[in-house]
Amino acid sequence: MLLEMQQRLGERIRAVLKEKYDLEIASIPLETPPDLRLGEIATPVAFELARTLRKAPRAIAQEIVAALGSAPHAIDGFAGFEVAGAGYINARLDRAAAVRDVAGELTAFAKSLASSPRGHVLVEHTSINPNKAAHIGHLRNAILGDTFVRLLRAAGYRVDVQNYIDNTGVQVADVVVGFLDLLKLSPDEVRTVVPATDRLLRGGGQKGIDYYCWDLYARTSQWYELGSDEEKAARKKVRLDTLHLIEQGGNETAEVAELISTAVLRRHLETMQRLSIEYDFLPRESEILHLHFWDAAFEQLKQTGVLYFETEGKNKGCWVMSRTGSPAEPAQNQTGPAGGAEDDDGRKDADEDAKVIVRSNGTVTYVGKDIAYHLWKFGLLGRDFGYKRFFQYPDHECWISAEQGEAEHPHFGGATAIYNVIDSRQADPQANVIQALRGMGYTDQADHYTHFSYEMVALTPRCAEELGYSVTEEDKKKPYIEVSGRKGFGVKADDLIDKLIAEVQPLVNEKQAASPESVRTGIARQIAIGALRYFMLKYTRNSVIAFDFKDALSFEGETGPYIQYAVVRIRNIFRKGATSAEAVFAELAELASQQVSESASQPTGVLYQGTTSVVPSEKRNDDGALAPEQSNLAAFLSGEENEDIWALWLRAGRFSLVLEQCVAASEPAYLAKHAFQLAQEFANFYHRHHILTEEDPRRKTFLLATAAITLRELVRSLELLGIESPEAM
RNA sequence: GGGCGAGUAGCUCAACUGGAUAGAGCAUCAGCCUUCUAAGCUGAGGGUUCCGGGUUCGAGUCCCGGCUCGCCUACCA
């Protein structure tokens, strides 16, 4: 509702400016006044115009307001306009009309989405190295990514979700070395041990192969640093040889790597499924290598001159890409093949700062492979993966890349826009890929390539000590310490989820003592997940989360359970009142239609004797710009003691505005905030107005409708945050 | 050295991208359960928005100069 009203007002003001002053303003700044009493929408546009029009802002504002009230500009849904302060224009909504709008918004929203699909988007998130258990840092990535996917879908985009699997990297090699060289198992033994270990550990209440590898990975990393220099060198060589065998494929070591990484990957998918996070496709690095994606990309990169062969300096013998300082620098591709930077003397020199893409030994770097992968994402590579079914979700399948896939498969890639959910430390390599695309002439694709960047999750020193890690004096002084898979330093995702559940379960058992155990465990799970997802989403992206169990295990205040609790309270009202949201909306519609006829014969603002809500509209109308109240619906919405009710409807009507802001700014936290504020305003309303004991039947209907609209919006928002709305708690 | 990000209440964070009196949650203190669930509500205290300049009707937000902190900056992958 509010989004549409803002757009409508903006358009009208533009028309007024054009007509009165012959001014074209691209977009009228629209905001929310600091206080509801000032109105619902405000614009400071008069300030901007003061200079060009050589008039006082207040005078301009008054002229605009006068024009907005007059015939050709009068706007549906607005009750009046006022000038306030030094020149703000404040608009008041027709509250009764707004309420009718909000109540019918769900169907209107669905229709508008169906009529205007918005394109094919690809979101990559999670992307955990398949060599150890997922930790809290990965949780932030996956939860942010999954929530953003939900937001995009709600906004009308077709979205494919990808989880990139680096199954041939050094991290996987390290675990393979751990099995084969540290534990000295034969490949055959690994083949029997890995699945057995998984079953054994999970049967015994442990978490399985991912947990086992967590420790083994940390041990192996330490093992490289132990012993004499010769031993160390030998171990490093084993590591490198193992890596090369894995990259190459078609050998026993690669088979072992595949076995381990696939087993760990399955565990990751199971962990994420606990959080309602699902994927459509898992592209793996092994296929990017074996299907020679790089070769195709290399040709394009050479032809467009993005890559050049360095003949001087430290990068001699490499294929490199020069780095542009500013991404805004235009027409990089028009300079043709660069021969190295030219300095002030005009002397050709090696560009030492250039990014190496192909090493002098002929191997390609990670960025190179990433460029190839992203050409594929946009459908520009001319090659495709093979596809195999991999993981079954309740209502769809997740596919994985394969050298030889199944004959029938869905098509992935070829997106018009992509989002990569990757932490901010990867900003540089991401920028390199974008720069390469731009350099190749794919400017449109480069413009629709978004690095959805976020800051890491770190541990507070206190938290690290709680977990039993030894913390150095130096680290104790820091606000937070970076987690490290290599050191085995961090909080595992499944552990955190389990801990959350263990924390709420007693509470649920106490409050829902009458419910069967299966119901109670279900509720505990919903609350735990709600707490976790909300915790990861309430922070804006570029704020470092200094993880602390105290905050993460909290169920009070600005948390998921607080919002869930509001939902449960509303559901209880409907249960006790033996009615439903649908029935109440129908009654509200009736109420709204009745008064049109009644209002003609009724004196302004007085429709129902005995309600305390009737306040003459002139009372808060200094400028006389406000239209007279017309209905008893409006009567319920006016007056000091009903401001909280109107605030709730208004907040409910913000949804589409918030959704657009989230998508435009790639910022799910805005929706998290919105949901919390709505719940908070409801709690306020809940304590001030007792619904079921309300004696005036019409007012009772209206209060019920207010609860119903809150419920609808809370559930809708929580769903986009990936948080379930419990029936009881 | 260069690049990116951050610095706001005791703590953790917001502030609709330049707008009106800088807001929440924790924590502290004082109240509210015979009502639709107290996972809640009401109230109080708590601020030189790191420092110094500048831009303008208007700056936590923009520009310049400092200070502090974090991350990135390998022909490893």
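Each chain gets a letter, A, B and so on, in the order its sequence line appears, and its residues count up from 1.
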| said: Taking the cut-offs as 6.0 angstrom to the six-membered ring centre and 45 degrees off its axis, would you call A:Lys538 and A:Phe676 a cation-pi pair? | reply: no

| All pairs passing salt bridge (charged side-chain N to carboxylate O under 4.0 Å, His left out) where residues 545-556 of chain A contributes a residue, at least two apart | A:Arg462-A:Asp548

| message | Measure OH/A:Tyr686 against P/B:A39 and give the value in whole Å, please. | response | 10 Å

| query | Looking at residues at least two apart in the chain, or sitting in another chain, which of them share a side-chain hydrogen bond (donor to acceptor under 3.5 Å, both in side chains) with A:Thr168? | reply | A:Glu285

| query | How are the rings of A:Tyr539 and A:Phe535 set relative to one another: parallel (under 30°), tilted (30 to 60°) or perpendicular (over 60°)? | reply | perpendicular

| query | In residues 25-32 of chain A, which residues come under 4.0 Å of RNA chain B by heavy atom? | reply | A:Glu31, A:Thr32

| Pairing of A:Asp174 and A:Arg486 as salt bridge, 4.0 angstrom limit | yes

Only pairs under 3.5 Å count here: list side-chain donor-acceptor contacts from residues 655-670 of chain A, not counting sequence neighbours, and write none if there are none.
| from | atom 1 | to | atom 2 | distance (Å) |
| --- | --- | --- | --- | --- |
| A:Glu660 | OE2 | A:Arg118 | NH1 | 3.2 |
| A:Glu667 | OE1 | A:Ala669 | N | 3.2 |
| A:Glu667 | OE2 | A:Arg541 | N | 3.0 |

| field | Under 4.0 Å protein heavy-atom contacts per nucleotide of nucleotides 26-35 of chain B, with B for base, S for backbone only and - for none | value | S--------B

| Value in whole Å for how far the P atom of B:G23 lies from CZ of A:Phe676 | 16 Å

| Is there any salt bridge (charged side-chain N to carboxylate O under 4.0 Å, His left out) pair reaching into residues 669-687 of chain A, and which pairs are they, with sequence neighbours excluded? | A:Glu558-A:Lys673, A:Arg651-A:Glu681

| query | Of all of residues 529-539 of chain A, which get a heavy atom below 4.0 angstrom from RNA chain B, listed by number? | reply | A:Tyr539

| note | Given the 90°-from-0 boundary between syn and anti, B:C33 should be labelled syn

| Heavy-atom neighbours of A:Arg688 CZ exceed 12 at 6.0 Å | yes

| Residues that A:Glu31 engages under side-chain contact (heavy atoms from CB on, under 4.5 Å), provided they are two or more places apart | A:Pro44, A:Tyr88

| So what does A:Phe555 touch, heavy atoms closer than 4.0 Å: a base, only the sugar-phosphate, or nothing? | base

| query | So what does A:Ala86 touch, heavy atoms closer than 4.0 Å: a base, only the sugar-phosphate, or nothing? | reply | nothing

| field | Listed partners of A:Tyr217 passing ring pair (Phe, Tyr, Trp, His ring centres under 6.0 Å), at least two apart | value | none

| message | Under 4.0 Å, heavy atom to any atom of RNA chain B: which of residues 656-669 of chain A qualify? | response | A:Gln661

| Which letters describe nucleotides 69-77 of chain B, given B = protein heavy atom under 4.0 Å from base, S = only from sugar-phosphate, - = neither? | -SSS--BSB

| request: Not counting sequence neighbours, which residues clear side-chain hydrogen bond (donor to acceptor under 3.5 Å, both in side chains) with A:Glu473? List them please. | output: A:Lys476

